[in-house]
Amino acid sequence: MRTKTRIVGIVMACAAAVAAVFAAAVRLFGWVGFAVCTATAALKIALYVRYVRPRHSRWGATDGEVARAMPGDDIIPEAHSTTRAISVDCPPEELWRWLVQIGYGRGGWYSYDWIDNDGKPSLDHIDPALQDLKVGDRIDMLPGFGPTVRELVPNHHFVAGDVEAGTWCLAIYPEGPGSRLVSRWRQNWTAGGLGAKFFISIADPGAFLMEQKMLRTLRDRAGHNAAPAESLAAASSSKSKEV
C-alpha cells in the first residue's frame with residue numbers, strides 16, 4: 001500500500017541523509033569529524049527533548065486540559081501524556097459524527113493524506129455508513145495496524161489502544177455553543193533510557209506535525225459544515241414548543 005511505502009521511504013530517506021553526513025565528515029576529517037557529528041546529534045536530541053518536545057506535547061491545550069484526568073488515563077498509570085486540543089465551532093453531537101469515521105480505509109485521518117491515506121483525500125462530509133464505530137473495532141493507521149477501541153461514550157469520547165502500544169483518547173467537551181476537541185496519547189517511555197529518547201526525538205516531530213494537521217482539518221470541516229449556532233438554538237426552541 002502506498003501509505004506504508006511512503007512512511008518507510010521517508011524514514012529511510014532521513015536515515016540515509018544522516019548516514020551521508022556522517023560519512024562525509026569521516027571522509028573529510030576522520031574520526032574527529034565522526035565525534036563532532038555524534039556530539040552535535042546528541043546535543044540536538046537533548047535540546048529537543050528538554051525544550052521543544054514539552055511545547056509540542058501540549059499544542060493548543062490549556063493548563064487545565066493538560067492537568068485534567070481523561071478516560072483511559074488509568075490504563076497506563078505511569079506514562080508520558082501528550083495532550084493537544086483545539087476549539088471547534090459546532091456542537092459536540094455534530095463533531096462526534098466526524099470523529100467516529102476517522103481512520104485509514106474509513107474517512108481518513110484528516111492530516112497529510114499523501115502520507116497516511118494512500119493519497120486519497122479524507123472525507124469532507126459525513127458518511128452514514130461510517131457512523132457505527134464500536135468497542136472492539138480497530139482504527140487503522142496503516143493497513144492491518146492500529147489501536148482497538150476499548151471504551152466509547154457517544155458524543156463525548158472514545159479510548160483506543162493498550163499497555164504495550166500506548167493509549168489514545170479523543171474527547172469532546174462543550175465550549176459555549178461549540179466544542180473543545182482534546183486528544184491525549186499515553187505511552188510508557190519513561191524507562192527506555194537513551195534509546196527511548198533517541199526514538200522520541202525521531203518519532204515525536206512527525207507525530208506532532210500529523211496530529212496538529214488532523215485537529216485543524218477537523219476544526220475546519222466540522223465547523224464549516226455545521227449549522228450556525230443561531231439555527232441550532234432556534235431548532236431546539238421550536239422542538240420545545242412542540243412538546
Side-chain angles (χ1 to χ4, degrees), residues 54-73 81-103 106-113 116-117 121-135 137 139 147 149 151-161 167-186 207-243:
R55 296 173 59 187
H56 284 182
S57 294
R58 56 168 298 164
W59 180 86
T62 65
D63 290 341
E65 288 168 337
V66 171
R68 176 172 57 198
M70 289 182 65
D73 282 359
S81 285
T82 294
T83 306
R84 299 178 177 123
I86 199 166
S87 295
V88 184
D89 189 20
C90 73
E93 56 271 20
E94 176 67 21
L95 178 55
W96 178 254
R97 300 190 337 169
W98 290 86
L99 301 192
V100 295
Q101 63 185 28
I102 203 167
R106 293 171 58 81
W109 280 98
Y110 305 104
S111 188
Y112 297 102
D113 295 320
D116 63 9
N117 203 39
S122 296
L123 291 183
D124 58 2
H125 61 278
I126 300 298
D127 185 346
L130 298 175
Q131 296 298 299
D132 61 346
L133 186 69
K134 59 187 180 298
V135 172
D137 287 348
I139 303 176
V149 178
E151 178 182 327
L152 184 149
V153 176
N155 302 322
H156 186 261
H157 76 270
F158 67 72
V159 177
T167 60
W168 179 37
C169 177
L170 200 55
I172 306 171
Y173 299 91
E175 183 182 57
S179 305
R180 189 73 173 159
L181 177 58
V182 183
S183 173
R184 173 168 293 173
W185 291 87
R186 286 175 64 81
F208 163 70
L209 290 174
M210 299 299 288
E211 186 166 35
Q212 58 86 24
K213 170 63 172 174
M214 178 194 77
L215 293 173
R216 289 190 289 109
T217 302
L218 283 169
R219 174 199 63 191
D220 295 342
R221 294 190 183 176
H224 176 76
N225 287 280
E230 295 80 1
S231 299
L232 292 171
S236 177
S237 176
S238 176
K239 287 183 179 180
S240 298
K241 290 180 180 178
E242 290 176 2
V243 174

Does a side-chain heavy-atom distance below 4.5 Å link Arg186 with Asp73? yes

Closest approach of Ile139 and Gly103, non-hydrogen atoms and distance? CG2-CA, 3.9 Å

Sorted by chain and residue number, the side chain to side chain donor-acceptor pair (under 3.5 Å) partners of Thr217 (sequence neighbours excluded) come out as none

Under 3.5 Å: donor-acceptor pair, side chain of Asp113, backbone of Ser122: yes

Under the salt bridge (charged side-chain N to carboxylate O under 4.0 Å, His left out) test, which residues partner Arg106, sequence neighbours left out? none

Heavy-atom pair of closest approach, residues Gly223 and Val88: N-CG1, 4.2 Å

Who pairs with Trp98 by ring-ring contact (aromatic ring centres under 6.0 Å, His included), at least two apart in sequence or on another chain? none

4.5 Å side-chain heavy-atom contact, Leu99 and Leu181: yes

Return the set of residues passing side chain to side chain contact (heavy atoms under 4.5 Å, CB included) with Pro71 (not counting sequence neighbours), or none when no residue passes. Glu151, His157, Val159, Cys169, Tyr173

Let me confirm one number: the CH2-NE2 distance from Trp96 to His156, rounded to the nearest 0.5 Å. 9.5 Å

Just jot down the side chain to side chain contact (heavy atoms under 4.5 Å, CB included) partners of Pro174, sequence neighbours excluded, or say none. Pro92

Can you sort out the partners of Arg58 under salt bridge (charged side-chain N to carboxylate O under 4.0 Å, His left out), two or more places apart, ordered by chain and number? Asp63

Just verifying a value: how many Å separate His224 NE2 and Cys90 SG, rounded to the nearest 0.5 Å? 12.5 Å

To the nearest 0.5 Å, tell me how far Trp109 CH2 sits from Asn117 CG. 10.0 Å

Who are the side chain to side chain contact (heavy atoms under 4.5 Å, CB included) partners of Arg97, not counting sequence neighbours? Glu94, Ile126, Gln131

List the residues meeting side chain to side chain donor-acceptor pair (under 3.5 Å) with Arg84, not counting sequence neighbours, and say none if there are none. Glu211

For Ile86 and Arg216, what are the C-alpha separation, side-chain angles and deciding distance, and is it a side-chain contact (heavy atoms from CB on, under 4.5 Å)? CA-CA 7 Å; Ile86 199 166; Arg216 289 190 289 109; 3.9 Å; yes

Minimum heavy-atom separation for Leu170 and Ser183, please, with both atom names. CD1-CB, 3.6 Å

For Arg68, the side chain to side chain donor-acceptor pair (under 3.5 Å) test, sequence neighbours excluded, returns none

Not counting sequence neighbours, which residues clear side chain to side chain contact (heavy atoms under 4.5 Å, CB included) with Asp127? List them please. Gln101, Leu123, Ala129, Leu130

At their closest point, which heavy atom of Val182 faces which heavy atom of Met70, and how far apart are they? CG1-SD, 3.7 Å

Least distance between heavy atoms, Arg219 atom then Ser87 atom: CG-O, 3.3 Å

Can you measure from CG (Asp137) to CG (Leu152) and round to the nearest 0.5 angstrom? 9.0 Å

Ser57 and its side chain to side chain contact (heavy atoms under 4.5 Å, CB included) partner, picked from Thr82, Val66, Thr83: Thr82

If I compare all heavy atoms of Ala85 with all of Glu65, which pair ends up nearest, and what's the gap? CB-OE1, 3.6 Å

Which residues share a ring-ring contact (aromatic ring centres under 6.0 Å, His included) with Phe158, sequence neighbours left out: Trp168

